[in-house]
Novice: 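This is the structure, below, for whatever I ask next.
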2 protein chains.
Amino acid sequence: MTLQQLQHFLAAIEHGSFSAAADALHLAQPSLSEQVRRLEAELGTALFVRTGRRLVLTEAGRALRPEAERTVAAAARAAASVADVRELRGGTATLGIFGDAPPWLVGNVVAAFRRRHPDVRVRVVGVNSSEVAEAVSEGRIEAGIVLLPVDDAALDVRPVLRSQLLYASADPRRVRPPVTIERLAAGPLILPDARFGAADPTQRALLERAQRAGVRLEPHVEVEQPQTALELAARGVGDTVVSEALTLRRAGFPRALHVAPFDEPIEEALAVISRRAAPLSPASRELLALAEQQLGRLGQAAVGERAPVA
Amino acid sequence: MTLQQLQHFLAAIEHGSFSAAADALHLAQPSLSEQVRRLEAELGTALFVRTGRRLVLTEAGRALRPEAERTVAAAARAAASVADVRELRGGTATLGIFGDAPPWLVGNVVAAFRRRHPDVRVRVVGVNSSEVAEAVSEGRIEAGIVLLPVDDAALDVRPVLRSQLLYASADPRRVRPPVTIERLAAGPLILPDARFGAADPTQRALLERAQRAGVRLEPHVEVEQPQTALELAARGVGDTVVSEALTLRRAGFPRALHVAPFDEPIEEALAVISRRAAPLSPASRELLALAEQQLGRLGQAAVGERAPVA
DNA sequence: GGAGCGTCAAAGGGAAAGCCTTTGGTTGGT
DNA sequence: ACCAACCAAAGGCTTTCCCTTTGACGCTCC
């Protein structure tokens, strides 16, 4: 059974003859006739009585008609549902986000997207750059914003914002030059992102730097949220590190905290990622474009809005 | 978009890979892959992300899935509904019946049919032989039971019961020989089937006979139901005619009434009719078979059960 | 009652789709 | 680093699809 056959069957009913139906569908009459005949053969029953004048449905045809209409309508809905996704009239756009992305940034991006496409639902997932990268490279989500580096080669990575890791302490003397990894290792240390440990790219970069310097980073406190680490550091519990991106706009940044870049900068970069060679859905493309726009604007404004440095 | 494509799409989701899905559908992998690719091309969107290990639905694919399932299910229901009709598990069997068919006969046939096929609905339509014949020859209904003659050449006519028209009167002297059309024309006359007049074959035969005898049949009372005519005749309002078939079994036959055949018999015949060269649905075939059976049995029992003759 | 119109079926041919097998390229696992 | 699983691509064969032409049948209008 074919959708086409059902459509031809319905057209024949509607127009009262095979000829008229064929005309309406821009077909030759024998073509349509054959399809109906084929349908009848497959179903094992005549659907029409061919009386010279006009077609009359058999009992089987009468039984088939409403079901055929339902089937054709369902197919149309199926096509429409995909078109909705394509035309940004429906569906869900999913964006993977590294865990300590500034909430105001995510909020901005999502709000801007919803303003343009109110019918598309948005899902923001992810707590960790490497986890997001894995999900994107496996195709579970289409796009994400992560901290570099991400190792997976199946990704299309577009860096959008360079940043560096800052030393953060409540004691202004601790952020005076020279700001070194040794100093960080020496003092009481607070490290965020406890859950994912060495999988986090920034944390990995930090540990590698320590190894190279011959010191070990032994955190006195491990917390999950960077915000918590900052809060603890502001209270003098210990020193910590914070991504420069998180200090921008000073949203929720503790006043008591002083930050400074390392003498030998620990660079990090934010990037938008998507699967290489996998076409992005319009929704995701739009979402990524907005994210890039937000991050780009952020990079330009960064200098003037940095948190106090020593 | 094709039902097949939707089925392949769903199979691919279910089995997690094109290869497994193709196996399950007894297809080669490239065949299934191509169908999915074609579907994607038509919809203008990728439905799967082909990650080396397993297939992952895109957003469009996620949107399509439930609609595809609905569509395929609807198609299955469509096929099933026709099969139900074919297998006598559903649908409606329609039987055309001439207007003054004895209700007990129709009741017997329908009851027997329903006993065998309780899921098939039965519709009994028609008030007049010629109307039934027209409906059957136009294909509006598949089969019927009529009084001969019927003129239409597109019919397959199988006579099943010979009968004749009887003179009926409350006065026993009026049914003594010679029973002639002249006598009928002379007395107060009650004629049934007023609505369809000369189109009714029996009435036509009667009028033709009168014309041949040089008399005119001017009914004093015209009624629609033969039963009403008999009732009036029983009360002495006038004389009437009644089909012999109606007097059998004496069901509802007025006791006060006397009947007799005409000296020159006015023959009539009951026949089952269907469209020539149009295949009967199983339900109609069964219904007709039962009707023939009932009428055949009736013909054998006729002699012993006739109403009182003079 | 025959000419003309409309409708469907049948036949023949060309284009397209569907399916197969083989082969090559990726990805993941051992 | 090799092996297994999987998908895509290519070539070839069969079937389907669709067309045009033709013939048969029924209806209508002279």
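Just so we're on the same page: letters track the sequence lines, and every chain starts at 1. Heavy atoms only: backbone and side chains are in, while hydrogens, waters and symmetry mates are out.
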Novice: Any salt bridge between A/Glu59 and A/Arg62, counting N to O under 4.0 Å?
Specialist: yes
Novice: In whole Å, what is the span from the CG atom of B/Leu25 to the P atom of C/dG18?
Specialist: 15 Å
Novice: State, without any angle test, whether A/Ser163 and A/Glu267 hold a side-chain donor-acceptor pair at a distance under 3.5 Å.
Specialist: no
Novice: Using atom CZ of B/Arg50 as one end and atom C1' of D/dA8 as the other, report the distance to the nearest whole Å.
Specialist: 9 Å
Novice: Specify the separation, in whole Å, of atom CD of A/Glu40 and atom P of C/dC8.
Specialist: 12 Å
Novice: Quickly work out the A/His15 NE2 to C/dG6 P distance and round it to whole Å.
Specialist: 17 Å
Novice: Base contacts versus sugar-phosphate-only contacts with protein, heavy atoms under 4.0 Å: please encode nucleotides 15-22 of chain D as B, S and - from 5' to 3'.
Specialist: --SBBBB-
Novice: Is the distance from OP1 or OP2 of D/dC7 to the nearest side-chain N or O of B/Ser19 less than 4.0 Å?
Specialist: yes
Novice: Give the ring-plane orientation class for A/Phe48 versus A/Phe9, where under 30° counts as parallel, over 60° as perpendicular and anything between as tilted.
Specialist: tilted
Novice: Taking only Lys NZ, Arg NE, NH1 and NH2, and the carboxylate oxygens of Asp or Glu, determine whether A/Arg158 and A/Glu292 approach each other closer than 4.0 Å.
Specialist: yes
Novice: With a 4.0 Å cut-off on N to O distance, would you call A/Arg37 and A/Glu34 a salt bridge?
Specialist: no
Novice: Checking side-chain polar atoms at under 3.5 Å, does A/Gln29 have a donor or acceptor matched by the opposite partner on A/Ser33?
Specialist: yes
